[in-house]
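Accompanying notes for the structure given below.
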2 protein chains.
Amino acid sequence: MLKNRNCIIRLSRYKNALYRLNALGFVRVFSDNLADAAGVTASAVRKDFSLFGISGNKKAGYQIEELLEKLNSILGKDKVQKVIVAGCGNLASALIKYKGFEKEGIKIVAGFDIDPAKHNRSNNVPVLPLEELKGFVRNQGIKIGIIAVPEAAAGQVAETMFKNGIKGIVNFAPIRLKAPEDCVVNYVNLEHELENLVYFVNALSKTKKKI
Amino acid sequence: MLKNRNCIIRLSRYKNALYRLNALGFVRVFSDNLADAAGVTASAVRKDFSLFGISGNKKAGYQIEELLEKLNSILGKDKVQKVIVAGCGNLASALIKYKGFEKEGIKIVAGFDIDPAKHNRSNNVPVLPLEELKGFVRNQGIKIGIIAVPEAAAGQVAETMFKNGIKGIVNFAPIRLKAPEDCVVNYVNLEHELENLVYFVNALSKTKKKI
DNA sequence: GAGGTTTTGCGATTTTTTTCACAAAAAACT
DNA sequence: AGTTTTTTGTGAAAAAAATCGCAAAACCTC
Ligand SMILES: NC(=O)c1ccc[n+]([C@@H]2O[C@H](COP(=O)([O-])OP(=O)(O)OC[C@H]3O[C@@H](n4cnc5c(N)ncnc54)[C@H](O)[C@@H]3O)[C@@H](O)[C@H]2O)c1
Ligand SMILES: NC(=O)c1ccc[n+]([C@@H]2O[C@H](COP(=O)([O-])OP(=O)(O)OC[C@H]3O[C@@H](n4cnc5c(N)ncnc54)[C@H](O)[C@@H]3O)[C@@H](O)[C@H]2O)c1
């Protein structure tokens with residue numbers, strides 16, 4: 001099994017770039033066009049493809065439509081991915097309202113919250129009491145969850161998710177989660193993202209001054 | 001200059017973990033305690049510290065307070081970082097409302113939008129017309145920006161930011177940005193994060209079945 | 001259809017990152 | 001004071017990821 005997260009993220013980027021090229025009327029691409037569009041090197045493109053047994057035509061590059069089919073299949077985009085969110089505060093509201101996920105075959109099917117004021121069954125995306133998470137996830141066979149609860153609640157919520165069949169979590173709370181070994185957690189930490197930026201901006205400005 | 005993004009992200013994680021340990025009453029840590037709390041290995045902790053010339057005491061570990069001071073200084077947390085946001089839609093609203101940034105010394109000082117309906121000068125965090133971004137950034141010497149505009153507008157907005165002194169951008173729009181070489185862009189792509197999760201969940205379930 | 005050109009596919013190489021492993025320092029114990 | 005125990009700090013080794021480089025295939029031109 002391939003473990004390189006960056007490589008899979010690049011596949012997503014190729015996919016997005018290919019949709020854009022397609023929309024511009026292109027039918028074929030060469031590895032270097034695609035590389036430019038995705039912001040990587042041509043040999044990275046070819047290497048990644050070779051890792052997944054994707055091949056093009058020497059001298060004629062890759063057929064965009066065919067390529068998209070293969071990438072979409074690798075990325076599990078041949079079926080709609082049902083996702084739930086725990087914690088329906090500010091961040092989750094933005095996620096639930098976001099139209100872009102639908103285009104990508106990602107469907108947030110329900111939110112869960114402990115605050116009764118947030119509950120709403122008649123919504124397009126219902127917000128249900130946290131106690132219903134368990135049954136919902138089991139019955140619908142949901143595999144992917146998003147954690148958007150406060151830091152203090154995240155560990156507990158993750159445990160409930162994993163216990164009831166969730167296999168992958170995107171966690172926005174700024175805390176590490178314990179996960180069973182057949183499960184995955186992807187962390188999105190916006191503070192760290194900004195801190196990181198501050199570090200590199202400072203570091204760059206220092207090196208520039210030396211020159 | 002150190003280029004390893006992961007290493008800097010780990011420093012942020014150490015910092016968070018140290019605050020938690022501090023709150024629990026700890027005064028000192030050993031590399032392995034900290035490693036556990038931050039979700040890394042003890043040798044990674046020591047190696048990272050050695051890279052930044054941070055040293056502890058053999059047999060007595062590290063003084064938490066002192067360590068925090070050093071990490072905070074490396075991460076630029078000794079002064080408040082002023083940040084602006086372009087695009088004040090759903091996502092930016094969540095960011096603007098988020099209380100957690102303040103605790104981390106990150107202050108979103110203004111939002112900018114093309115939609116007049118979003119403008120509001122009397123808010124705690126004012127939302128101003130996009131045309132004012134230029135002057136605002138220059139006058140206040142802002143170095144960090146967040147892009148939360150639609151994909152189609154992101155390139156243009158980034159260009160304006162960079163032209164007026166922004167050195168680092170966190171970009172939520174699902175598109176690569178052109179950046180001057182003394183500037184940095186950190187990408188946060190939530191679709192890709194979910195896609196990635198789907199890939200690894202599928203991959204793991206396949207390898208498990210083989211066993 | 002020979003010769004030239006372009007582009008893929010992938011093994012080999014290089015670079016980067018992580019992990020190991022152990023000497024040296026410091027504390028604790030005897 | 002010497003011995004044992006514990007933990008750091010960092011070179012060395014290993015592992016992982018990125019990049020290079022080039023043979024081979026496909027196409028084009030004449
Ligand atoms: N909003 C941001 O921009 C932002 C930025 C960085 C990090 N985060 C992180 O994302 C998470 C969510 O942030 P937010 O701004 O949406 O917070 P929020 O306070 O707006 O929302 C949290 C929601 O979780 C609910 N909740 C609390 N405990 C719960 C539980 N045990 N089970 C289910 N629901 C529970 C609350 O009722 C609330 O609706 C937090 O961990 C925060 O640290 C948010
Ligand atoms: N909301 C999410 O959960 C989510 C998830 C993934 C990605 N994103 C990305 O984040 C970005 C923002 O998403 P959102 O949901 O907040 O969108 P949104 O439509 O709610 O907000 C976009 C805002 O940008 C403003 N805008 C448009 N053009 C502008 C310009 N040229 N200059 C300044 N402002 C401009 C609009 O008036 C609007 O207020 C998008 O690129 C989106 O693809 C959002």
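Heavy atoms only: backbone and side chains are in, while hydrogens, waters and symmetry mates are out.
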Original post:
Between B/Phe112 and B/Phe136, does the ring centre distance come in under 6.0 Å?
Top reply: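 That pair passes the under 6.0 Å test.
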Original post:
Can you name the nearest heavy-atom pair linking B/Thr41 to B/Ala35, along with the distance?
Top reply: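 Smallest heavy-atom distance, with atoms named: C-CB, 3.5 Å.
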**OP:** Identify the heavy atoms of A/Glu193 and B/Val188 that sit nearest to each other, and give their distance.
**Re:** CG-CG2, 3.7 Å
Original post:
Is the CZ atom of A/Phe52 crowded by more than 12 outside heavy atoms at less than 6.0 Å?
Top reply: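 Buried by this count: over 12 neighbours within 6.0 Å.
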Subject >> Greater than 12 external heavy atoms within 6.0 Å of A/Lys70's NZ >> reply: yes
What is the distance from [atom1] of [X] to [atom2] of [N], rounded to the nearest Å?
{"X": "B/Leu2", "N": "C/dT16", "atom1": "CG", "atom2": "C1'", "value": "11 Å"}
{"X": "B/Asn6", "N": "C/dT15", "atom1": "CG", "atom2": "C1'", "value": "15 Å"}
{"X": "A/Arg13", "N": "D/dA18", "atom1": "CZ", "atom2": "P", "value": "11 Å"}

Subject >> Distance under 6.0 Å and angle within 45° of ring axis: A/Arg28 vs A/Tyr62 >> reply: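 Verdict for A/Tyr62: no cation-pi partner in A/Arg28.
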**OP:** Go through residues 19-34 of chain B and report each residue with a non-hydrogen atom lying under 4.0 Å from DNA chain D, sorted by number.
**Re:** B/Phe30, B/Ser31
Got a list of protein N/O to nucleotides 10-16 of chain D N/O distances below 3.5 Å?
| residue | atom | partner | partner atom | Å |
| --- | --- | --- | --- | --- |
| D/dG11 | N7 | B/Lys47 | NZ | 3.3 |

**OP:** Indicate, with a heavy-atom threshold strictly under 4.0 Å, whether A/Phe49 touches base, sugar-phosphate, or nothing.
**Re:** nothing
Original post:
Heavy atoms under 4.0 Å, any strand shown: does A/Arg5 hit a base, just sugar-phosphate, or nothing?
Top reply: nothing
**OP:** Check for a donor-acceptor pair, side chain of A/Gln81 on one end and backbone N or O of A/Gly105 on the other, with a separation under 3.5 Å.
**Re:** no
Subject >> Flag, side chain of B/Asn164 to backbone of B/Thr160, donor-acceptor distance under 3.5 Å >> reply: yes
Original post:
Below 4.0 angstrom, N of the basic side chain to O of the carboxylate: do B/Lys15 and B/Glu104 qualify?
Top reply: yes
Original post:
In B/S/- notation, 5' to 3', how is nucleotides 23-30 of chain C contacted by protein heavy atoms closer than 4.0 Å?
Top reply: -BBBB---
**OP:** Look up atom CD1 in A/Ile108 and atom NZ in A/Lys82, then write down how far apart they are to the nearest 0.5 Å.
**Re:**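 Reported to 0.5 Å precision, the distance equals 14.0 Å.
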Original post:
Can you check salt bridge (Lys or Arg N to Asp or Glu O under 4.0 Å) on A/Lys77 and B/Glu191, steps first, answer last?
Top reply: CA-CA 12 Å; A/Lys77 307 204 81 58; B/Glu191 284 111 323; over 6 Å; no
